[in-house]
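Chain letters run A, B, ... following the sequence lines, proteins first, then strands; residues in each count from 1.
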Amino acid sequence: MPYLEPTPSLDFIRARIAEDVKAGKNAGRVHTRFPPEPNGYLHIGHAKSICLNFGAAAEYKGLCNLRFDDTNPAKETVEYEESIIRDVRWLGFDWDDRLFYASDYFEKLYEYAVYLIENGKAYVDSLSADEIRQYRGTLTEPGKESPYRNRPIEENLRLFERMRNGEFEEGAHVLRAKIDMASGNINMRDPVMYRIMHVPHYRQGSKWVSYPMYDYAHPISDALEGITHSLCTLEFEDHRPLYDWFIENLPVPARPEQIEFARLNLSYTVLSKRKLLTLVTEKIVSGWDDPRMPTLNGLRRRGYTPEAIRNFCDAIGVAKRDVIVDVAQLEHAIREDLNKHSSRVMAVLRPLRVVIENYPENETEELDAVNNPENPAAGSRKVPFSRVLYIEQDDFRENPPKQFFRLAPGREVRLRYAYFITCKDVVKDGSGNIVELRCTYDPATRGGDAPAGKPSPKATLHWVSAAHAMAAEVRLYDRLFNEEKPDNESPINPTSLDVLTGCQVEPSLKGAKPLDRYQFERLGYFCVDLDSKPNAPVFNRTVTLRDTWAKIEKSLKK
RNA sequence: UGGGGCGUGGCCAAGUGGUAAGGCACAGGUCUUUGGAACCUGUAUUCGAAGGUUCGAAUCCUUCCGCCCCAGCCA
């Protein structure tokens, strides 16, 4: 029996696409689209859809269009459109010349609407919005037919044209599909196709005053673009019969198929456009790109890479059940990527002055430090060492607990890439605060290697030379919410942002530019913030390193 | 009580009648000049529940239970 490679399991959408291709449906062609409405910024949930649409198309030698679903001029702006284009590109996807807009189909959409009217399948209703709601019935009771439902075709045609010409006030009339007011599916109870809006469109200007609704515009837009698989989220499942109804009742050039999947939910994170907008407008965060935001530009500013986000989307899969993915999964994705690709550097966030008593006053040594142990090709750099250093306050304990093996009085530890040092004395100020450590170094340990016969210390500390280090601001971020499933009332995590000033970073960081990413050894991954200036650098903490000591310490406190 | 969906370990997720993949998280361990990384080991007698069909069921049938979505002239 020959060994067979296990076939990688496909998610249900890819499986379906594979079937269609195999069956020769659409001549084996695969064509998807990502259809955002330009009314907000893209977030990690959209990334799932983007990766699915562009990814699945590419895997089956197909294409994916970027199409703006801009049918509601009251909410849409160029600012949003531009941010969406930037974010999809940044994520790593390309649509060549296939950038489309539903608004470019308005004329065609209008013609199709006329076609439905002519065939007795659409009518102009003159009921008010309130009345339409009442006539619609409820979830358990059927609706009633509008008294205008059987208007003569000619009258419908005249009225619809006058709607287009701007002869009516908003709300005076709507165009409705004539389907079934008794349907158990409310979407089929004569859904509205067009409504009058005296609002200029951000791309069409004042050309239109009647705008098509999503349910009507979407299937036609898909058909006009030759979309084969129209992927959307679960809440549109009920709309599929309507989607199909338009496709079946109109002479459209293709028959796209709508398939629904579950949208992404992330623990400790809010992902609804409305809630995100509130965070921005109420100034709870600094903007759409606040590094605590789950928006793509927020994540970018936080230091996330497109690759990590794509890997995350890959890892969580695509299915139909409602899920809440653990943010730990996202954090794992960025750690995994940054571990492989980011340069190591030493930075001291909360400095504690250390004087090496047996080291000459005015001497400086340049020591070799490896840039990335995961990637030898990244090479090495020189780090200056001198008599006065800074180490992390957390790395010293006057009365260390059992499992603490960092620096303590009388104890020897290694300074990374430098020397072993031993703490001889603790200097305190008037109120008993530790302000300085007096230490000695062992010249035989240069580079950090233990000489033959000498045991290696249990701890290795990062450090920085006081005379050479550069001062910096560091912003420590944590999850925005402490509740696993935050809702509208959830308070934000008061420690979601901790700004540290007076941090000391190694001099090689002098040329760092906004968005450059590093690992601060033993601390986490950081990236240069957009607010950073050459003389006043600012770093954002993307994510911490896994911290075993923090876990021990936490269990110690219990 | 109308219609549409969904229920596999703490969180995701394969599996489509032949005896429960994988990832995250967690717990041990090896190694280590990052308490990082890497590597190894462990964690569902069980697939929402109960019946039934079958030599054999997470997969088929029946009933029940639970959760999500829909009553915008939003998308």
query: Does Asn372(A) reach the main-chain N or O of Lys340(A) with its side chain, forming a donor-acceptor pair under 3.5 Å?
result: yes
query: If you find the nucleotide of RNA chain B closest to Glu141(A) and the one closest to Ile316(A), which residue's nucleotide is nearer the 5' end?
result: Glu141(A)
task: Measure the shortest side-chain to side-chain distance between Ser267(A) and Val327(A) over non-hydrogen atoms and say whether it is less than 4.5 angstrom.
output: yes
field: Syn/anti state for G72(B) [syn: chi within 90° of 0]
entry: syn
message: Just N and O in the side chain of Lys551(A): are any of them under 4.0 Å from OP1 or OP2 of C26(B)?
response: yes
message: Using a 4.0 Å cut-off on heavy atoms, which residues in residues 325-332 of chain A reach RNA chain B? List them by number, or say none.
response: Val325(A), Asp326(A), Ala328(A), Gln329(A), His332(A)
field: Proximity to the side chain of Glu521(A) - top-ranked nucleotide from G15(B), U34(B), C12(B)
entry: U34(B)
query: Is there a donor-acceptor pair closer than 3.5 Å between any side-chain N or O of Tyr216(A) and the backbone N or O of Ala113(A)?
result: yes
- request: Please determine which of Leu266(A), Leu264(A), Thr269(A), Asn265(A) meets the side chain to side chain contact (heavy atoms under 4.5 Å, CB included) test together with Ile324(A).
  value: Asn265(A)
message: Output the pairing pattern of RNA chain B as a dot-bracket string, 5' first, Watson-Crick or G-U wobble with both distances under 3.5 Å, | for cross-strand pairs, [ ] for crossing pairs.
response: .(((((((.[[[..)..(...]]].(((((.......))))).....[[[[[..)....]]]]])))))).....
- request: Between C68(B) and U32(B), how far apart are the C1' atoms? Round to whole Å, please.
  value: 48 Å
- prompt: For Lys485(A), does the NZ atom have more than 12 heavy-atom neighbours from other residues, nucleotides or ligands under 6.0 Å away?
  reply: no
message: Taking Leu231(A)'s backbone N and O only, do any of them form a donor-acceptor pair with Arg33(A)'s side chain (distance below 3.5 Å, no angle check)?
response: yes
message: Rounded to whole Å, how long is the line connecting atom CG of Asn311(A) with atom C1' of C12(B)?
response: 16 Å
task: Give a yes/no answer on whether the side chain of Arg522(A) brings an N or O atom under 4.0 Å of OP1 or OP2 in G35(B).
output: yes
- request: Step through it carefully: locate the ring centre of Tyr243(A), locate the ring centre of Phe236(A), and say whether they are under 6.0 Å apart.
  value: no
message: Can you work out whether Leu415(A) or Tyr525(A) has the more 5'-proximal nearest nucleotide on RNA chain B?
response: Leu415(A)
task: Establish, yes or no, whether a centroid distance under 6.0 Å links the rings of His201(A) and Phe106(A).
output: yes
Heavy-atom protein contacts under 4.0 Å, nucleotides 67-75 of chain B, coded B base, S sugar-phosphate only, - none: -SBBBSBSB
query: Would you say the ring centroid of Tyr135(A) lies under 6.0 angstrom from that of Tyr148(A)?
result: no
- prompt: Under 3.5 Å, is there an N or O donor on one side and an acceptor on the other linking the side chain of Arg546(A) and the base of G35(B)?
  reply: no
field: Whole angstrom value for the distance that separates P of C12(B) from NZ of Lys320(A)
entry: 18 Å
